[in-house]
Structure formats: structure tokens, C-alpha cells
Amino acid sequence: MNVPAPIAMLAELTYRCPLSCPYCSNPLEMAARETELSTEDWVEVFEQAAALGVLQLHLSGGEPAARRDLVDLVAAARTAGLYTNLITSGLGLTQKRLAELDAAGLDHVQLSLQGTDADMADRIGGYEGGFKRKMQAAEWIVDAGFPLTLNVVVHRQNLHQLPQAIDMAVAMKARRIEVAMVQFHGWAMLNRGAMMPTRAQADEASRIVVEARARLEGQLVIDYVPADYHGDYPKRCMGGWGMSGLNITPDGKVLPCHAAQTIPTLSFDNVRETPLAEIWYHGDVFNAYRGEDWMQEPCKTCDRRKLDFGGCRCQAMAIVGDPAATDPTCIKSPMHGRLQQLAQELSADETAELVYRKSP
Ligand code: FES
């Protein structure tokens with residue numbers, strides 16, 4: 001098949017993070033600080049990515065501000081010709097550091113929001129005083145002139161705050177808000193019982209987003225990731241496996257998506273040993289579920305297969321135990337009924353407690 005060049009790259013600079021969000025998509029086994037790529041390694045990766053055709057670089061983690069060389073990395077990415085987006089909790093950013101990031105050429109900031117008040121945000125983030133620091137950082141980000149996107153992960157415990165979160169985005173003069181219903185990958189899998197929304201909540205979230213989009217047209221863009229356990233069709237995960245984006249882990253593994261390490265049959269190439277272009281075009285992992293050849297029925301002959309590529313491979317692995325199965329969020333999957341039953345059971349679990357993410 002004709003493989004397109006990737007458009008976006010997510011660089012997970014570190015798994016270290018001051019917050020302990022239970023919905024974190026980082027893996028259960030996180031690479032330790034000593035194994036993180038060096039500044040020089042990352043600069044080399046950014047240059048290779050730009051040469052490969054990547055346009056947008058998302059600097060993420062963990063908390064990317066935990067890297068002391070963040071300003072140098074942003075400068076190197078800009079020199080390589082990449083558009084740079086910092087995905088941050090805001091903790092670890094000072095006014096001085098933001099000015100340095102601005103001077104280094106940072107293009108955009110995406111700030112996470114765990115709740116709309118200190119009680120909720122500090123409880124979900126597992127960090128007392130975190131909300132206050134985040135709000136201060138938000139002010140500095142806007143004052144420094146960065147375009148701001150708020151990112152709010154919603155789940156059973158905070159979904160009632162969604163209207164206020166949208167109001168906050170307007171008040172902060174954010175250009176966009178990304179409302180993502182919790183996705184159960186990585187650490188979040190431990191918290192399905194405590195965080196699974198009810199079907200009524202999932203429907204209500206969709207209604208709130210539709211209403212707010214109409215009301216705020218021209219003022220605020222609202223991106224929305226619906227609750228997939230309650231959906232009828234799967235999402236086009238990563239725009240299709242190995243079709244538009246790639247992720248680099250803190251220790252240099254190259255993944256087609258953030259959760260790919262949950263598929264035990266895959267063995268990942270590392271930028272320390274193999275050029276990025278070789279991994280993207282010819283690596284076994286990137287070709288494992290690219291295109292349609294790997295598909296089984298009902299995906300193989302489904303007329304939606306070019307729309308969603310059979311959905312999310314990691315979700316098929318997690319629920320069905322087979323990464324080549326149809327994503328069970330699809331109504332055509334034989335496991336769809338089981339998934340809906342599971343979602344209902346988990347959303348009614350009143351005993352589950354939050355399991356906080358541990359930092360390496
Ligand atoms: Fe891996 Fe969807 S998260 S394919």
C-alpha cells in the first residue's frame with residue numbers, strides 16, 4: 001500500500017509527573033528517569049521526524065515541564081521546523097520559564113483540567129494545592145500570548161462539572177477546549193469501576209457539547225471524544241494504525257499509539273538503534289495493523305472499514321483479547337453486547353476507589 005508520511009508526533013519526554021491522575025493513559029510499567037532519552041537524543045529524533053514529514057510535535061509526558069531541558073528541546077524542535085504544542089498540567093511552569101519557552105518559539109499550550117474547583121481538581125489530580133497553581137499558570141500562559149487549549153477528561157466523578165469547565169474555557173480566553181470522556185487505556189484500566197460514566201451521563205455529555213458548540217460558535221472550538229464503551233461505532237483511532245501519527249516513549253520506543261505496549265505480541269523498535277523513517281515505513285509494528293489486510297470478519301467486508309479501520313486495536317486487545325478483532329464498541333462486533341453489559345456493571349460500582357497513578 002501507499003503509506004503516507006506521518007503528520008504528528010507525540011514525544012513523551014518523561015513519565016515523571018507531580019499529579020497522580022487515576023485516568024492517566026501512561027502504562028502500568030513506566031520507564032525510569034535514568035532510561036530517558038538525553039537532550040541530544042531528542043534533538044536527533046526531532047530532526048529525523050521533520051525530515052520524515054512530521055509537521056506537529058506534541059510535547060507530553062508525564063509532565064514535560066519536569067524535564068530541565070524543556071526550553072532547549074522546544075528551541076531544537078522549532079529549528080527543525082516543527083510546530084510545537086506543550087501538553088501540560090501547568091505545574092512546573094513559572095512566568096520566567098514561560099517567557100523562555102516563548103522566546104524558544106513554543107507555538108501552543110494545552111492545559112489539563114481535572115475539575116472546576118479545588119476540591120474536585122485536587123482530589124482527582126491527587127495533589128493538594130494543584131488547582132490553585134494551575135489557575136495561576138493558566139493566567140501566565142494567556143498573559144504570555146500563547147494560544148491556549150483546555151483539556152478536560154470527564155468521567156463519572158466530575159461529569160456534572162462539564163458546563164462549568166466550558167464556561168472556564170471562555171473566561172480564560174482559551175481558543176479550544178477538548179472534552180474527552182475517559183479512555184480506558186494504561187493506568188486508567190485500573191479505574192474503570194470508579195470512573196465509568198453511566199449511559200445517562202454519556203448521553204448528557206453529548207447533549208451539553210452540542211448545545212455549547214451552537215452557543216459558542218465563533219468564540220470557542222469544542223473538540224469531543226465521546227464515551228466509547230457506550231457508543232455504537234468505534235473511533236478511527238490515531239486516524240488508522242500507522243497512517244498519520246506516532247508516539248515516542250521516554251526511553252525511545254516508537255509506538256503507533258500511546259497504548260500499543262498493551263499488545264503483548266508486538267516488539268517495539270527504538271530510536272536509539274533504528275532510524276525513524278525505517279521504523280515508520282518498514283517496521284513490523286507499524287505494518288502489523290496498517291491498511292486492511294489484517295482484518296477479520298465482520299471488518300473485512302464492512303462498508304465502514306475505510307472510515308474507522310476497524311476501530312481501536314488496543315481496545316480489541318483489552319476487551320476481546322485479540323488485537324485483530326473488531327473493536328467491541330462497534331455494534332457489529334460479537335462482543336458488543338458484553339461490552340455494554342460491562343459498562344453498565346462498572347458504572348453502577350459504588351465500592352470502587354480511585355487508584356492513583358504512581359510516578360517512576
Ligand atoms: Fe492503540 Fe487505539 S489506542 S489503537
Side-chain angles (χ1 to χ4, degrees), residues 1 3-4 6-12 15 21 23-30 58 60-62 87 151 153 155 178 180-192 195-196 223-249 253-269 279-280 283-296 299 302 304-330 332-333 335-336 339 343 357:
M1 69 176 293
V3 179
I7 294 167
M9 183 168 87
L10 182 83
E12 294 177 332
Y15 285 140
C21 304
Y23 60 74
C24 185
S25 64
N26 283 168
L28 296 180
E29 296 296 327
M30 292 177 219
H58 304 286
S60 170
I87 302 175
N151 173 276
V153 174
H155 42 79
E178 182 182 286
M181 296 293 290
V182 58
Q183 304 285 296
F184 292 108
H185 295 298
W187 194 274
M189 274 299 271
L190 301 178
N191 283 294
R192 290 192 304 179
M195 299 191 124
M196 180 69 72
D223 297 318
Y224 181 48
V225 181
D228 45 21
Y229 279 45
H230 292 295
D232 287 338
Y233 290 106
K235 59 179 180 280
R236 183 187 167 100
C237 201
M238 294 296 290
W241 183 279
M243 296 303 278
S244 65
L246 67 164
N247 291 13
I248 315 284
T249 64
K253 292 195 199 85
V254 187
L255 317 181
C257 64
H258 57 274
Q261 290 180 95
T262 58
I263 301 178
T265 47
L266 299 178
S267 157
F268 299 92
D269 290 311
I279 298 172
W280 173 261
D284 289 346
V285 166
F286 277 82
N287 284 297
Y289 305 107
R290 193 175 245 157
E292 299 176 16
D293 290 351
W294 56 273
M295 286 182 182
Q296 308 171 5
C299 294
C302 177
R304 288 181 59 89
R305 70 187 183 280
K306 289 192 194 315
L307 290 178
D308 57 33
F309 298 105
C312 175
R313 298 304 87 229
C314 301
Q315 192 129 268
M317 179 69 224
I319 309 292
V320 186
D322 174 5
T326 298
D327 184 334
T329 60
C330 181
K332 294 184 179 179
S333 161
M335 291 294 283
H336 186 66
L339 184 79
R357 172 205 193 269

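One-based numbering, in listed order, for ligands and for the atoms of each. Because the structure is a prediction, the values reported are computed rather than measured.
Atom-to-atom distance recorded for I87:CD1 and E178:CD is 8.5 Å, nearest 0.5 angstrom.
In D223, the CG atom is crowded: over 12 heavy atoms of neighbouring residues, nucleotides or ligands sit closer than 6.0 Å.
Atom 4 (S) of ligand 1 has its closest protein heavy atom at R313 N, 3.3 Å. Ranking the protein heavy atoms by distance from atom 3 (S) of ligand 1 puts C312 SG, 3.5 Å first.
Contact atoms of ligand 1 toward C314: 1 (Fe), 3 (S), 4 (S) (distance under 4.0 Å to a heavy atom of the residue).
Relative orientation of the W280 and F286 rings is tilted, given thresholds of 30° and 60° on the angle between their planes. Using the six-membered ring where Trp is involved, Y289 and W294 have ring planes that are perpendicular, over 60° apart on the 30 and 60° scheme.
Not one N, O or S atom of H185 sits under 2.8 Å from atom 1 (Fe) of ligand 1.
For atom 1 (Fe) of ligand 1, the candidate residues are A259, A316, C257, C237; the nearest heavy-atom contact is made by C257.
Between K235 and D228, at least one side-chain N (NZ, or NE/NH1/NH2) sits under 4.0 Å from a carboxylate O, which counts as a salt bridge.
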